[in-house]
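This is the structure I want to talk about, given as structure tokens.
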Amino acid sequence: MKKSPFSNLPTLRLSSKLFWALFAPVFVVSLLAGTFLLSTRFSDLNRNLYEHTSHITEQVATTSEYAIVFSDQNMMYRILQNALNNQDISSVQLFNSEQKLIAELGKAPESSDTNFPENNYIKQYDKYIESISAIHYTNNSLNGTFNTQADLFNTVDQRSLIGWVKIEANKSAIQIEKYQYACLIIFILLIFNILVILGAFHLSRTLTLPINRLSSALNKLVKGQFSSAKLMKLPPEYAALQKDLLDLTERLEHHNEELIAGIEQSTEDIRRSMDSMEEKSAQLHIANREAMESNRLKSQFLANISHEVRTPLNAILGYTKTLQKDITDTQQRLYVDTIEQSTNSLLTIIGDILDFSKIEAGKLNLESNHFNLKTLLDDVYQILSINLLTKEKQIDLVPEFNQDVPEWFVGDSTRVRQILTNLIGNAIKFTHQGSVRTRVSIASQSPQEITLSFQIIDTGIGIAEHKINRLFKPFSQVDTSTTRQFGGTGLGLVITKKLVEQMNGKIEVSSDPSIGSTFRFTINLKTSPKLSNDKSALNRHAVLLEPSATYKSYLTNYLQSIGVSCTACSDLEQMVALLNKQHDTIDAILLSVMPDEQSVAEARELITYSTQQFSIPCILMIQPPGQIAHYPDLKELCSDILLKPISHDRLYNALQYLNNRNTSTTLQHPQQHQINVLQEKISGLKILAVDDSPINLQLLKHWLVPIGIEVSLAYSGRQAIDMAMSESFDQIFMDIQMPEMDGMETTRQLRQIENYKNTPIIALTAHALGSEQQQILASGMNAYLTKPINEELLLSTIETWRLNTKSFQDQVDDKLIGIFDLEKALEIVDGKTNIAKEMFDMLADSLDAEKKLIQHHLENQDTEKLIEVVHRIHGASKYTGTINIARHAGFLETHLKELGLEDADGVAEDFIEAIEELLSHRQLIPWPQHLDSTI
């Protein structure tokens with residue numbers, strides 16, 4: 001085993017510490033001693049020069065007294081020369097009492113400015129010492145032989161100033177001495193410290209040698225080299241420690257042998273477990289592959305079921321609606337209506353199964369469109385009342401909106417309709433008397449989003465508390481017995497719950513078998529710029545005959561809101577009496593008719609009486625299961641016939657156009673009027689219909705030929721291509737699943753024909769899965785209609801694409817604009833399509849998993865991991881042309897780094913929508929056909 005370079009690190013540290021413990025005190029003492037010697041010597045040299053210069057200055061001043069008095073120049077120079085003979089003196093000058101220079105020897109003085117004090121003056125500079133002394137003359141002559149003490153004092157006072165002497169002493173000599181002395185001291189200290197270092201190093205090595213050996217022995221013990229550890233020798237002073245180390249070595253050696261034996265046994269056990277795990281892993285891999293294959297087969301099965309069921313249902317519904325136009329016999333119409341209702345019920349079941357499959361696969365995506373919630377709820381009530389109400393089940397269906405709830409929203413209107421249909425349909429199904437009310441209010445609101453709260457309240461049979469938990473389980477029902485009264489797949493509420501949660505809401509239920517049930521749910525919708533049409537007040541007076549107190553109150557409140565005063569009557573006698581008394585003030589009669597012969601007969605008599613006697617128009621309100629077409633004689637007598645539950649818009653229009661029968665009729669049948677307008681616009685087109693089902697082709701021909709459209713039929717993709725080569729068509733309707741050549745491959749080949757590069761091709765498909773729809777569009781089709789198809793939608797689609805002037809490529813570009821930039825993706829890789837597509841596929845393939853990670857980190861409030869995922873996507877999106885994802889990823893990453901998770905839900909939701917939008921349009925990207933041969 002290779003020795004670690006750090007194995008002796010602790011020993012080296014101990015030796016170093018011991019060395020510094022020995023050397024540091026001696027080194028510090030030697031530095032202090034050297035500093036003391038140098039400072040003392042330097043101070044002595046400076047003091048000696050100072051004293052010496054001062055002494056010479058005084059001496060020159062004393063000896064030059066008489067030379068100045070008698071102006072003896074020779075004497076002056078001799079005195080100056082004697083002073084200059086001292087090696088430190090560089091300049092000597094004599095000045096008279098008038099401060100004039102009278103004698104000078106030596107170098108030029110360093111200082112030219114001279115102050116002449118009355119006494120001695122000496123000052124040190126960096127390079128020299130300047131000393132100045134005043135020269136006084138003393139008169140020593142005596143007037144007598146003896147001088148008294150007073151005379152002595154008088155002689156002192158007789159001293160007079162006769163000049164000055166100035167001497168400059170150079171410091172260079174003592175500086176040299178200082179340098180010499182300093183070098184000597186440093187040399188001595190250096191020799192001394194080297195000797196101390198050698199001694200300390202030797203002593204530290206000697207003292208730490210046993211410790212080094214002990215460390216080496218422990219290191220060998222760690223490595224398992226027990227025999228080498230036993231050979232270690234320590235000085236006699238460490239005999240006890242060596243004995244203990246040998247005992248420890250023997251114990252460790254014994255323990256190591258036990259460990260090795262245990263490890264070998266464990267290794268054998270692990271090997272056996274690995275073999276078992278490998279076998280289990282292989283079984284899991286096979287099971288996973290089988291599960292994936294099963295999932296694929298399930299999706300394929302659902303697609304086939306959708307096709308096989310919707311295709312015949314398309315013909316059934318199509319021909320049923322055609323028969324409804326011509327049948328006048330009441331009993332036969334009832335049979336046809338029953339066929340239509342049963343077919344729609346079957347479609348609902350198929351739709352529930354497909355939706356549940358999408359939810360399980362995580363492929364149920366929400367769309368976004370503007371819709372009127374009040375109109376949508378009215379439509380739901382209308383359809384459900386026709387399908388579910390019977391003569392025996394007469395209940396009130398009442399929608400209630402708070403005044404602050406707007407009409408228009410942005411969201412998936414289809415899924416909102418599905419939620420309301422499931423919940424309201426269940427409420428009607430389980431309610432035999434009373435009412436079903438839907439209350440809509442605002443739970444919370446922001447400038448961009450509104451959270452709506454819905455309550456579906458019924459007076460039905462209710463649900464026992466211990467059975468409520470079954471409601472939202474797949475394929476589960478409250479009553480699972482074979483004698484249950486109500487059937488169903490058990491998927492409606494499961495799908496409803498998933499849809500509510502996907503709209504960021506929640507759903508709950510409370511129920512009491514003695515009172516009824518209340519389903520509450522919330523959903524998030526975006527605000528719409530569309531404003532509600534404020535209806536002007538009608539300023540009319542109406543008489544209302546409505547047997548239900550609940551519905552009477554509902555209608556009265558609405559009529560008051562649109563400026564219609566209302567007088568409610570409880571029976572026909574009261575109404576007739578009111579007509580006779582107040583017929584001049586009555587503008588209209590609102591009459592509710594039950595679906596029985598007596599009620600119809602009474603209504604006929606009242607309408608005839610009011611119109612003939614008082615010319616008061618009557619608006620008939622029909623209670624389902626009756627329909628407008630069931631009362632042809634009343635239709636001629638009434639101003640309008642409305643189906644309950646009454647739509648607000650239809651009631652307002654009926655009251656607004658009371659005196660205009662033609663306008664009223666037009667408003668009463670907007671759907672048929674719209675169909676007639678469409679027929680006039682699209683007449684004269686030439687259309688090719690491709691389908692392997694003759695029944696569906698004949699249905700299309702039956703719808704289109706009578707309105708002036710020339711229809712050619714092709715029963716296979718090959719026949720369609722042959723016909724397209726020989727004839728010219730304005731539009732093509734294409735079935736998807738056909739033998740030999742399916743609709744998508746047929747479309748691809750048609751797009752290769754010059755005359756059909758931009759011809760509108762619309763799919764008529766029974767496939768309802770989102771992935772298949774994207775494949776349909778990617779094959780070159782402009783749009784798709786899901787079977788079963790109704791006549792109005794078919795004609796509207798023909799009209800839409802008749803006016804289209806854009807090329808197919810322009811339409812694809814319009815869908816991809818703002819989502820994907822092909823030119824940018826190719827520009828980054830110098831036009832190499834293979835590389836660009838590979839980079840894009842790598843990003844797109846990972847987005848689904850990355851989206852789940854983002855949602856997971858958002859739920860767990862893990863900001864760091866969320867930033868990491870978003871940053872990864874942001875970086876990749878910049879090089880793949882995914883401009884929308886790059887933009888929203890940049891927004892989210894910046895928001896998370898600056899503000900954290902505060903208000904990040906909306907930004908994250910926009911980012912996830914950008915991901916889903918790219919994935920849904922992925923197959924539409926028009927990659928160049930001739931890919932590079934090399935990457």
Side-chain angles (χ1 to χ4, degrees), residues 337 341 344-345 348 372-402 405 407 416-441 452-462 486 492-493 496 509 511 515-521 544-559 561 566 568 590-596 599 619-628 630 640-652 654:
D337 291 345
Q341 293 174 13
N344 286 323
S345 299
T348 301
N372 189 310
L373 181 61
K374 292 185 178 179
T375 303
L376 185 147
L377 186 56
D378 282 343
D379 292 343
V380 170
Y381 268 125
Q382 287 278 334
I383 295 172
L384 291 176
S385 64
I386 294 172
N387 293 332
L388 298 180
L389 294 185
T390 63
K391 292 182 180 181
E392 293 76 21
K393 178 185 287 191
Q394 296 299 314
I395 60 177
D396 297 321
L397 306 179
V398 182
E400 299 176 0
F401 284 84
N402 282 9
V405 177
E407 291 187 9
V416 175
R417 181 189 298 270
Q418 186 174 0
I419 293 171
L420 292 172
T421 300
N422 282 338
L423 295 178
I424 297 174
N426 276 349
I428 296 174
K429 187 188 301 183
F430 293 99
T431 301
H432 300 292
Q433 59 183 1
S435 64
V436 173
R437 292 177 295 162
T438 301
R439 292 178 181 173
V440 185
S441 60
L452 290 180
S453 175
F454 293 79
Q455 295 185 61
I456 290 85
I457 307 168
D458 66 59
T459 57
I461 61 176
F486 308 101
L493 289 179
T496 298
V509 59
S511 183
I515 299 176
S517 302
T518 299
F519 282 82
R520 303 177 184 86
F521 71 93
L544 173 64
L545 178 58
E546 171 58 53
S548 169
T550 302
Y551 211 73
K552 183 189 301 181
S553 174
Y554 162 67
L555 285 178
T556 302
N557 291 334
Y558 175 68
L559 290 172
S561 69
C566 181
L590 297 176
L591 181 60
S592 179
V593 178
M594 303 300 290
D596 58 71
S599 179
I619 299 175
L620 205 62
M621 299 182 296
I622 301 174
Q623 179 77 23
Q627 296 187 15
I628 295 173
H630 294 172
D640 209 338
I641 299 180
L642 303 179
L643 189 66
K644 295 175 70 176
I646 304 301
S647 166
H648 288 177
D649 292 337
R650 293 176 184 173
L651 178 56
Y652 182 89

Which distance, rounded to the nearest 0.5 Å, do you find between the CG of Leu452 and the CG of Leu373?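 The CG atom of Leu452 sits 6.5 Å away from the CG atom of Leu373.
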So, does Thr459 use its side chain to make a donor-acceptor pair with the main chain of Gln433 at under 3.5 Å?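 Side chain of Thr459 to backbone of Gln433: a pair is present.
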Of the non-hydrogen atoms in Leu620 and Val593, which two are nearest, and what is the gap between them?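 Heavy atoms of Leu620 and Val593 come nearest at CD1-CG2, 3.1 Å.
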Compare every heavy atom of Thr431 with every heavy atom of Ala427, then report the nearest pair and how far apart it is.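 Heavy-atom minimum between the residues: O-OG1, 2.5 Å.
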How long is the span from the CG atom in Leu544 to the CG atom in Leu590, to the nearest 0.5 Å?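 It is 5.5 Å, given to the nearest 0.5 Å.
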Approximate separation, where rounding is to 0.5 Å, of Ser385 OG and Ile424 CD1: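 Reported value, rounded in 0.5 Å steps: 11.0 Å.
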Residue pair Ser441 / Phe401, side-chain heavy-atom distance below 4.5 Å: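 No, side chains not in contact.
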Mind checking ring pair (Phe, Tyr, Trp, His ring centres under 6.0 Å) for Phe454 and listing every partner two or more places apart, or none if nothing turns up?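 With sequence neighbours excluded, Phe454 shows a ring pair (Phe, Tyr, Trp, His ring centres under 6.0 Å) to Phe521, given in chain and number order.
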Taking the side chain as every heavy atom from C-beta outward, state whether Phe519 and Asn426 have any pair of such atoms under 4.5 Å apart.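 No, side chains not in contact.
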Does any part of the side chain of Leu555, heavy atoms only, come nearer than 4.5 Å to the side chain of Leu651, both counted from C-beta?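 The answer is yes, as the side chains (C-beta and beyond) meet within the 4.5 Å cut-off.
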Is the backbone of Thr496 close enough, under 3.5 Å, to the side chain of Asn422 for a donor and an acceptor to pair up by distance?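 Between the backbone of Thr496 and the side chain of Asn422 there is no qualifying donor-acceptor contact (under 3.5 Å).
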pair Leu642-Ile622: side-chain heavy atoms closer than 4.5 Å: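 In short, these two side chains do not touch, never coming nearer than 4.5 Å.
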Hydrogens and angles aside, do Thr518 and Gln455 bring a side-chain donor and acceptor to less than 3.5 Å of each other?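 Short answer, no.
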Do Leu397 and Lys644 come within less than 4.5 Å of each other through their side chains, counting heavy atoms only?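 No, too far: nothing below the 4.5 Å cut-off.
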With sequence neighbours excluded, residues passing side chain to side chain contact (heavy atoms under 4.5 Å, CB included) with Gln382: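 Counting only residues at least two positions away or on another chain, Gln382 forms a side chain to side chain contact (heavy atoms under 4.5 Å, CB included) with Leu643, Arg650.
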Taking all non-hydrogen atoms of both residues, which atom of Leu559 and which atom of Cys566 are closest, and how far apart?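 It is CD1-SG, 3.9 Å.
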Who are the side chain to side chain donor-acceptor pair (under 3.5 Å) partners of Asn372, not counting sequence neighbours?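 Only Thr375, Glu407 meet the side chain to side chain donor-acceptor pair (under 3.5 Å) criterion with Asn372.
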Within-4.5 Å side-chain heavy-atom neighbours: Asp378 and Asp649: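 Sidechains of Asp649 and Asp378: no contact.
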With sequence neighbours left out, write down each residue that passes side chain to side chain donor-acceptor pair (under 3.5 Å) with Thr438, or none if nothing qualifies.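 Scan of Thr438 (side chain to side chain donor-acceptor pair (under 3.5 Å), adjacent residues dropped) gives Tyr381.
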Report the distance from atom CD1 of Ile456 to atom CZ of Arg437, rounding to the nearest 0.5 Å.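 Rounded to the nearest 0.5 Å, the CD1-CZ separation comes to 12.0 Å.
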Set of residues satisfying ring pair (Phe, Tyr, Trp, His ring centres under 6.0 Å) with respect to Tyr558, sequence neighbours excluded: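 Listed in chain order: His648.
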Kindly write out the residues that satisfy salt bridge (charged side-chain N to carboxylate O under 4.0 Å, His left out) with Arg439, not counting sequence neighbours, or none if the list is empty.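 By the salt bridge (charged side-chain N to carboxylate O under 4.0 Å, His left out) rule, Arg439 matches Glu400.
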Sub-4.5 Å side-chain heavy-atom contact between Ile395 and Val436: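 They are in contact (side-chain heavy atoms under 4.5 Å apart), so the answer is yes.
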Exercise: identify the closest heavy-atom pair between Gly462 and Ser517: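 For Gly462 and Ser517, the tightest heavy-atom pair comes out as CA-OG, 3.5 Å.
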Using 0.5 Å steps for rounding, measure from the OG atom of Ser561 to the OH atom of Tyr652.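 One gets 10.0 Å once the value is rounded to the nearest 0.5 Å.
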In sequence, state the C-alpha distance, the side-chain angles, and the governing distance for Arg417 and Asp379, and then conclude on side-chain contact (heavy atoms from CB on, under 4.5 Å). CA-CA 9 Å; Arg417 181 189 298 270; Asp379 292 343; 3.5 Å; yes
With the side chain counted from C-beta on, respond yes when Pro645 and Tyr551 share a heavy-atom pair under 4.5 Å apart, and no when they do not.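 Yes, close enough: below the 4.5 Å cut-off.
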